Protein chains: 2
Amino acid sequence: MGKQMTEMLKGTLEGIVLAILSLRPAYGYEITARLREQGFPDIAEGTVYALLVRFEQKGLVDVEKVPSEKGPPRKVYSLNAPGEKYLEEFWRTWSFLTERLEWLREGGG
Amino acid sequence: MGKQMTEMLKGTLEGIVLAILSLRPAYGYEITARLREQGFPDIAEGTVYALLVRFEQKGLVDVEKVPSEKGPPRKVYSLNAPGEKYLEEFWRTWSFLTERLEWLREGGG
DNA sequence: CGCACTACTCAGTGATGCTATATACTGGTA
DNA sequence: TACCAGTATATAGCATCACTGAGTAGTGCG
């Protein structure tokens, strides 16, 4: 993917996964697979799981253990109220950044 | 500024400063001041100087020492050819990210 | 049994931005 | 003189984050 993308994902991947969870609840392996389909082929599984642990520690998600037909039980994460708020804040921060960058890209006023 | 912005700036601040340099050459103190005017009040001076050192080490900028009427001599940085290329790559990476995020924001297909 | 796929975990690494401090030069003022 | 504000650069130490690489577990197929 390149170093630029890796660094740019810092802080952004968090928002991406929160956004995915806001669409509907999901578990780690599923999220990783979806990211790979959607243009992020090199997102490491370990990265996603670590993110989900952080979400849980921050109280942004609810967790439910669901048995799987194939393999160990799934940990299904769903965004709760604080999570929604946090995601809204993410979008505000993201919008601010995109506005600043769009402005710079167009010649900086 | 908040932790979200701090993390999101990782990888992005690099592009922001490169974009500022692509408009016209500038020195560290000046760049910091401009960032503060343009909505990033909490960018630390040390952050900018470290960034400029990295640019120099990567060979993305040319440096010229210019005497100042007030204070120590300025180190004026200007984007060179590899720097321009690197900036273009940054914009491509940035565009990819914004497209993915816009898509997610609008409901994820 | 061995292999592939599903599913989660964790220690160690590298890059980045922030904090805090130090250095250096000019000019104003008590 | 002594002090301080503004200009200008540099750097050591810290926290956070994504990546690497390895390990653990369960199911089904050859």
Side-chain angles (χ1 to χ4, degrees), chain A residues 1-18 25-36 40-58 60-61 63-77 86 90 93 97, chain B residues 1-18 25-36 40-58 60-61 63-77 86 90 93 97:
Chain A
M1 209 69 161
K3 219 179 286 178
Q4 282 190 345
M5 182 59 97
T6 294
E7 292 307 322
M8 243 186 263
L9 279 174
K10 291 186 180 179
T12 309
L13 183 61
E14 182 180 78
I16 292 174
V17 174
L18 284 176
Y27 54 98
Y29 191 85
E30 179 189 6
I31 293 171
T32 306
R34 236 189 271 175
L35 286 171
R36 296 207 166 141
F40 301 99
D42 295 332
I43 300 285
E45 291 196 0
T47 300
V48 173
Y49 288 114
L51 241 188
L52 292 171
V53 167
R54 266 179 272 147
F55 288 164
E56 199 176 350
Q57 285 169 346
K58 290 185 195 170
L60 305 177
V61 291
V63 192
E64 199 191 352
K65 228 168 198 175
V66 176
S68 163
E69 314 88 42
K70 294 185 166 190
R74 298 166 173 165
K75 284 176 77 175
V76 175
Y77 295 84
Y86 192 88
F90 168 82
T93 308
L97 252 193
Chain B
M1 210 70 162
K3 221 178 287 179
Q4 283 191 344
M5 181 58 96
T6 292
E7 292 306 321
M8 243 185 261
L9 279 176
K10 290 186 180 178
T12 309
L13 183 61
E14 182 180 77
I16 291 173
V17 173
L18 284 176
Y27 55 97
Y29 191 85
E30 181 189 3
I31 294 171
T32 307
R34 236 188 271 173
L35 286 170
R36 297 207 166 140
F40 301 100
D42 295 332
I43 301 284
E45 290 196 359
T47 300
V48 173
Y49 287 115
L51 197 47
L52 292 172
V53 167
R54 267 181 271 146
F55 288 164
E56 200 176 348
Q57 286 171 345
K58 289 186 194 168
L60 305 177
V61 292
V63 191
E64 199 191 352
K65 227 168 198 172
V66 176
S68 164
E69 315 89 42
K70 292 185 169 188
R74 297 165 174 166
K75 284 178 77 176
V76 175
Y77 295 83
Y86 192 89
F90 169 82
T93 308
L97 252 194

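What you see is a predicted model, and the numbers here were worked out from it, not measured in a lab. Order of the sequence lines sets the chain letters (A, B, ...), proteins ahead of strands, with each chain counted from 1.
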Extract, from 5' to 3' on DNA chain C, the first and final nucleotides lying under 4.0 angstrom from some heavy atom of chain B.
->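 Span of nucleotides near chain B: C:dT16 to C:dT26.
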For the side chain of B:Glu7, starting at C-beta, report the closest nucleotide among D:dC17, D:dA8, D:dC19.
->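 Output: D:dC17.
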N or O in side chain of B:Arg74 less than 4.0 angstrom from D:dT7 OP1/OP2 =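 No.
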Does B:Ser68 place a side-chain N or O at less than 4.0 Å from the phosphate oxygens OP1/OP2 of D:dT7?
->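 No, outside the criterion.
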Output, in order, the C-alpha distance, side-chain angles, deciding distance and verdict of side chain to side chain contact (heavy atoms under 4.5 Å, CB included) for B:Met5 and A:Leu97.
-> CA-CA 9 Å; B:Met5 181 58 96; A:Leu97 252 193; 4.1 Å; yes
To the nearest 0.5 Å, what is the distance between [atom1] ([X]) and [atom2] ([Y])?
X: B:Lys75; Y: B:Glu30; atom1: NZ; atom2: CD; value: 15.0 Å
X: A:Thr12; Y: A:Lys10; atom1: OG1; atom2: NZ; value: 11.5 Å
X: A:Thr47; Y: A:Asp42; atom1: OG1; atom2: CG; value: 10.5 Å

Roughly how many Å is it from CD in A:Glu45 to P in D:dC19, rounded to a whole number?
->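 So the CD-P distance, A:Glu45 to D:dC19, works out to 12 Å.
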How do B:Val53 and A:Thr6 order along DNA chain D: which one's closest nucleotide is nearer the 5' end?
->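 Per heavy-atom nearest nucleotide, the more 5' residue is B:Val53.
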Hey, is the side chain of A:Lys10 pairing donor to acceptor with the base of D:dT16 inside 3.5 Å?
->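 Result: no qualifying N/O pair found.
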With the threshold set at 4.0 Å, does a side-chain nitrogen-carboxylate oxygen contact exist between A:Glu14 and B:Lys3?
->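 Here A:Glu14 does not pair with B:Lys3 in a salt bridge, since their nearest N and O are not under 4.0 Å apart.
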